[in-house]
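Down below is the structure, laid out as structure tokens.
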Amino acid sequence: MMKTYLSIIRNCKVAQRWSFSHATRCALSPNPSFTSKWNCKRLMVRRLGTYIPTEDRNYYITTPIFYVNAAPHIGHLYSAVTADYLHRYKLLQGFNSRFATGTDEHGLKIQQAANAAGQDPLSFCTKVSERFKYLFKSCHISYTDYIRTTEERHRCAVEHFWTVLQSKGFIYKGNYEGWYSTQDESFLTPSQVGDAKDSSGKEIKISLESGHKVEWMKEENYMFRLSEFRSRLQEWLEGNPRAVQPERFHHAVLQWLQEDLPDLSVSRQRSRLQWGIPVPGDLDQTIYVWLDALVNYLTVAGYPDSHSQWWRAAHHVVGKDILKFHAIYWPAFLLAADLPLPQTIHVHSHWTVGGKKMSKSLGNVVDPLERSQRFTIDGLRYFLLRQGVPDTDCDYDDDKVVKLLNAELTDSLGGLLNRCTAPSLNPAQVYPHFCSDSFPSQGTEAHNGRAVDEDYHMLDAVRALPAVVEQHYESVHVYKALEAINRCVRQTNGFVQRHTPWKLGSGDGRDQLWLDTILHVSLECLRIYGTLLQPIVPEIADKLLSRLGVKPEEKSWAALDFLVKYQGKDCPFEGRALGPDTGVLFNRLERPNAEKGKPKKAKKATKVKS
């Protein structure tokens with residue numbers, strides 16, 4: 001045992017950051033096979049309550065701030081739901097978590113949109129920003145801070161950040177000449193620009209990445225010495241393989257860094273762009289919208305006075321279209337200001353409709369608020385996280401939503417809960433007792449044991465499920481976590497179906513013990529599923545756990561011990577009254593679109609007894 005213990009201490013990477021006593025407790029856990037940093041942390045949290053080393057107790061997650069030139073669409077909600085589940089998940093683990101979202105309100109594009117709408121820019125921004133806020137509140141996005149770049153606290157943070165960069169010699173006045181996309185608020189190199197024709201057939205230059213029109217720009221403004229940070233950015237990424245996730249995007253950034261980085265224009269002439277923060281000390285210049293916008297993450301953290309506690313725990317969720325700004329420009333700005341870099345930049349791909357990018361011109365923009373009302377809030381959250389694959393574009397389809405939710409939430413999970421809490425099987429409406437004679441430990445010789453091999457396989461799968469889900473939640477491969485949960489739900493349904501508890505309990509004492517055991521095991525499975533699903537579908541998970549009689553303090557990650565009676569321990573739920581029956585877990589959704597255009601079947605004539 002001692003040799004194993006010392007080996008684990010040496011191999012456990014987490015010991016490099018934790019004190020010796022912390023790693024010791026990890027190594028002496030009942031399951032010493034978990035030797036990775038990942039599983040050591042998991043065991044520490046779950047076996048020692050909510051203890052986490054002081055430096056690791058904080059977690060700060062952000063969405064990109066959303067540009068207010070148009071109404072929110074399903075892609076915006078996907079970013080927000082992704083950050084929201086991470087925030088909820090960390091809270092369940094006992095972390096102090098902060099979650100920021102908001103709106104990006106400066107720039108030439110906003111200035112032009114406000115002029116076109118006949119409104120002053122601030123009124124225009126406020127109107128659209130409130131639509132984002134309403135959507136997020138409606139969809140249970142539990143942000144702790146909603147930042148607008150037109151706020152005074154943000155202006156102060158941006159001005160200070162600019163002054164720091166300038167005082168360190170990384171900002172200088174020069175002449176910029178090159179391509180610029182107003183739509184993307186982005187400067188482009190010649191290799192990023194191609195030829196195209198507009199709707200009238202006129203030849204134009206466009207961004208090869210976004211397809212938006214670009215214009216040649218020549219003006220005197222301020223430049224940032226981006227060229228000086230190429231090697232440091234390469235070192236950061238090569239030394240931190242999880243700095244940008246998924247791996248595909250990490251490689252993409254390293255590929256970009258194979259080319260020289262030209263210095264970056266970080267201001268525009270005030271005569272061209274009035275709607276933005278003026279350069280400190282030079283009222284003829286306006287700070288570049290991306291430098292302005294990126295500083296929002298620091299603003300929320302308390303910059304410049306009290307940011308270190310949260311900034312060291314920063315994680316960003318971004319769409320792939322703004323990866324370069326977050327994985328090259330932003331880290332370079334931070335390095336120049338002597339600030340820590342983000343822990344992880346979680347990148348996700350786009351949502352398409354019919355394989356095409358959503359756009360007003362195509363009329364295929366999906367309204368997330370309307371869909372959340374049609375499919376329920378939790379239903380839409382579940383679909384986005386279940387179907388969303390970070391490194392691949394995902395296609396949205398209403399019919400696909402209905403099929404998935406009916407299959408996994410209504411039939412599989414909801415059906416299992418309904419079966420196991422039905423008064424016909426559980427007339428006492430309690431968490432039944434577990435009988436170890438009916439379900440003995442595998443390998444135990446017991447004449448009355450009625451469990452079969454498939455049942456033990458199910459127990460193994462559910463016991464391992466929290467670690468599997470945790471791994472996928474951390475890597476933001478949520479779809480893999482939900483697939484693992486759904487696979488176990490199917491196994492539990494198979495367990496119930498295999499043993500037909502509705503045929504038991506007719507006066508035979510042994511049958512009653514087996515019936516109670518089947519229900520106890522099934523309810524324990526449901527409790528694990530409900531606990532793990534809380535970050536994804538908070539209302540559904542709360543409804544499920546409340547039906548099982550689980551108390552609020554028993555819903556944390558530390559309460560994920562599965563089927564302790566099987567391990568010979570006392571179960572706090574055994575014999576406890578179930579919670580009130582508030583109806584089906586998730587109502588079946590109709591598929592009206594699937595029926596359109598199909599010939600209606602003639603109704604069979606009703607037989608009438610003569």
Side-chain angles (χ1 to χ4, degrees), residues 62-80 100-136 141 146-151 154-155 158 179-188 198-199 204 206-207 209-215 217 267-268 270 272-277 286-297 317-326 329 350-353 356-370:
T62 72
T63 70
I65 50 173
F66 303 105
Y67 215 42
V68 294
N69 63 314
H73 57 64
I74 204 79
H76 297 130
L77 182 60
Y78 180 55
S79 294
T101 189
T103 44
D104 179 4
E105 304 182 13
H106 289 140
L108 186 59
K109 192 161 49 172
I110 301 299
Q111 181 176 297
Q112 292 173 346
N115 289 338
Q119 300 177 31
D120 69 90
L122 183 58
S123 298
F124 178 85
C125 292
T126 299
K127 184 177 180 180
V128 181
S129 183
E130 286 300 316
R131 293 184 68 176
F132 277 94
K133 186 180 287 189
Y134 182 74
L135 171 67
F136 295 159
I141 305 302
Y146 187 92
I147 177 75
R148 297 178 58 186
T149 56
T150 48
E151 293 179 44
H154 180 66
R155 183 187 63 78
V158 171
W179 296 105
Y180 184 78
S181 167
T182 299
Q183 189 73 10
D184 301 322
E185 299 282 10
S186 177
F187 299 95
L188 298 101
D198 63 16
S199 56
I204 59 171
I206 62 167
S207 163
E209 183 175 351
S210 68
H212 293 142
K213 181 181 177 181
V214 299
E215 296 175 330
M217 187 183 81
S267 74
R268 300 295 307 275
R270 196 76 180 169
R272 290 177 182 245
L273 174 62
Q274 298 85 46
W275 185 240
I277 299 173
T286 302
I287 294 175
Y288 175 43
V289 64
W290 268 105
L291 174 56
D292 167 358
L294 288 164
V295 174
N296 94 86
Y297 305 129
V317 171
V318 303
K320 67 178 183 180
D321 56 320
I322 54 175
L323 175 58
K324 183 172 293 185
F325 301 100
H326 284 82
Y329 296 172
H350 293 157
W351 282 88
T352 58
V353 176
K356 297 180 180 179
K357 187 176 180 180
M358 282 183 277
S359 71
K360 288 181 181 179
S361 59
L362 292 175
N364 64 350
V365 177
V366 179
D367 180 353
L369 189 59
E370 188 274 330

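Quick caveat: nothing in here was measured; it's all calculated off a predicted structure.
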Beyond-backbone contact of T101 with F66, side-chain heavy atoms, under 4.5 angstrom: yes
Sub-4.5 Å side-chain heavy-atom contact between I110 and Y67: yes
Restricting to salt bridge (Lys or Arg N to Asp or Glu O under 4.0 Å), what partner residues turn up for [X], sequence neighbours left out?
X: E215; value: none
X: K357; value: none
X: R148; value: E105
X: R270; value: none

Which heavy-atom pair separates [X] from [Y] by the least distance, and what is that distance?
X: I322; Y: P64; answer: CD1-CB, 3.7 Å
X: L135; Y: P368; answer: CD2-CG, 3.7 Å
X: C125; Y: W275; answer: SG-NE1, 3.9 Å
X: A114; Y: P121; answer: CB-CA, 3.7 Å

For [X], side-chain hydrogen bond (donor to acceptor under 3.5 Å, both in side chains) partners two or more places apart:
X: E151; result: R153
X: R272; result: E219
X: D292; result: H106, H154
X: Q274; result: Q111

[atom1]/[X] to [atom2]/[Y] distance, rounded to the nearest 0.5 angstrom?
X: Y329; Y: L291; atom1: OH; atom2: CG; answer: 12.0 Å
X: F132; Y: L77; atom1: CZ; atom2: CG; answer: 10.5 Å
X: D321; Y: H326; atom1: CG; atom2: NE2; answer: 10.0 Å
X: T286; Y: L273; atom1: OG1; atom2: CG; answer: 4.5 Å
X: W290; Y: D104; atom1: CH2; atom2: CG; answer: 7.0 Å
X: K320; Y: L323; atom1: NZ; atom2: CG; answer: 10.5 Å

Got a sec, which residues hit ring-ring contact (aromatic ring centres under 6.0 Å, His included) with [X], two or more places apart in sequence or on another chain?
X: F124; answer: none
X: W351; answer: Y78, F383
X: H73; answer: H76

Over 12 foreign heavy atoms within 6.0 Å of CZ, R131: no
Partner residues of N364 under the side-chain contact (heavy atoms from CB on, under 4.5 Å) criterion, sequence neighbours left out: V353, K356, M358, S359, L362
Backbone of S129 reached by a side-chain donor or acceptor of T103 within 3.5 Å: no
Reference residue T150; test side-chain contact (heavy atoms from CB on, under 4.5 Å); the match among T126, L122, V68: L122
